Protein chains: 2
Amino acid sequence: MNNTETLDQPQRGELFAVACPSRQVLQNVTSRWGVLVLVALMSGTYRFSDLRRKIGGVSEKMLAQTLQALEADGFVLRTARPVVPPYVEYSLTHMGQEVAREVESLADWIEGNLYRIMAQRQARESELQAA
Amino acid sequence: MNNTETLDQPQRGELFAVACPSRQVLQNVTSRWGVLVLVALMSGTYRFSDLRRKIGGVSEKMLAQTLQALEADGFVLRTARPVVPPYVEYSLTHMGQEVAREVESLADWIEGNLYRIMAQRQARESELQAA
DNA sequence: CAGGATCCTAAACGATACTG
DNA sequence: CAGTATCGTTTAGGATCCTG
């Protein structure tokens, strides 16, 4: 896998390179649940179960997994209090708030333009995705 | 062109609903290759093979599939000229340029902050994703 | 309550071969 | 050239049970 490790600064367009590390981060952030977690946490601190309730349809496993990935990237702060029963809170780090803003902007655009988009879909009677 | 804005607009927070149609669009746009295709097409019109060469690591199948999804959403315009050999061009629609800007903004943020992010990762010696 | 461990299914993905 | 079709592999995702 690793051959000539060039430690040069990632330039614009690096994204198109196969091994660009940005791709992984991008995937974590834009994953099915990643987006929702980031946007959800913009409105404050949540406990695991609260977050799970807020985000419709997410399983325990995926929520935990998503939170771990985002924590590893430094976007989410996990604060556990050593009590019984366990009390764990999740919030955005400063960096997390920055990405979240970007992600929210994209999500907002889509929500705001859903009708235009759906209209396009209808017009083409898309038979590819619906199948 | 749409004057009839009287239909109820999806409000903020719809995204958290299980059946929110935005989620699908969001997935198409933020999918592994969707992001790259959108950003790539910001710099102009491309033929299939050119696009494939530009985007490192994408297979024919996935590129075709991604393009079709984005076309169905009305983000990508496919222009085929009935000649032999086939000549097909892909470009962004107006709507496509709008989403692409959002997506690019996110991608740029990540590329620009990669070092900060990687530093976080190192600091935590993430053992979850690498495993 | 917050998750880890396990098991399983569905979907994504990729390589190759083939066609108009 | 620009795909489609097929197949095999990998990953995402979910259900359930279990523990501190």
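Every value quoted in this text rests on a predicted model; they were computed, and no experiment measured them. Worth knowing before you read on, the calculation uses all heavy atoms, side chains too, and leaves out hydrogens, waters and symmetry mates. Lettering follows sequence order; numbering is per chain, from 1.
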note: Glu89(B), atom CD; dC1(D), atom C1'; distance rounded to Å ~ 13 Å
Ionic contact status for Glu14(A) with Arg23(A), cut-off 4.0 Å: no
Side chain Thr93(B), main chain Phe75(B), donor-acceptor under 3.5 Å: yes
To the nearest angstrom, the CZ-C1' distance between Arg81(B) and dG3(D) comes to 17 Å
From CG of Asp50(A) across to P of dG3(C) the rounded distance in Å is 12 Å
Atom CG of Asn28(B) and atom P of dC13(C) are separated, to the nearest Å, by 11 Å
Nearest heavy-atom approach of Leu26(B) to Thr30(B) is O-OG1, 2.6 Å
Numerically ordered, the residues 31-44 of chain A set in heavy-atom contact under 4.0 Å with DNA chain D is Arg32(A), Trp33(A)
Whole-Å distance, Gln68(A) CD to dA12(D) C1', equals 15 Å
For nucleotides 15-20 of chain C, 5' to 3', base contacts (B), sugar-phosphate-only contacts (S) and non-contacts (-) with protein non-hydrogen atoms under 4.0 Å give B-B--B
Between Asp50(B) (side chain) and Tyr46(B) (backbone), is there a donor-acceptor pair under 3.5 Å?
no
Original post:
Between the side chains of Ser105(B) and Glu102(A), is a donor N or O closer than 3.5 angstrom to an acceptor N or O?
Top reply: yes
Sorted by chain and number, sequence neighbours left out, salt bridge (Lys or Arg N to Asp or Glu O under 4.0 Å) with Arg47(B) holds for none
* To do: Give a yes or no on whether the backbone of Met42(A) and the side-chain of Gln97(A) come within a donor-acceptor separation of less than 3.5 Å.
  => no
_Determine whether a donor-acceptor pair (N or O, by modelled atom type, separation under 3.5 Å) exists between the side chain of Glu111(B) and the backbone of Leu15(A)._
yes
Worksheet item: Side-chain N or O of Tyr90(A) less than 4.0 angstrom from OP1 or OP2 on dC1(C)?
Response: no
When rounded to whole Å, the CD to C1' distance for the pair Gln65(A) and dA2(C) reads 16 Å
Here the distance between atom P of dA12(D) and atom CD of Gln27(A), to the nearest Å, is 8 Å
Interatomic distance, CD@Glu60(A) vs OG@Ser49(A), rounded to 0.5 Å, equals 7.5 Å
Rounded to whole Å, CE of Met62(A) lies from P of dA12(C) at a distance of 13 Å
- [ ] Check whether any side-chain N or O of Arg47(A) sits under 4.0 Å from OP1 or OP2 of dC1(C), and answer yes or no.
- [x] no
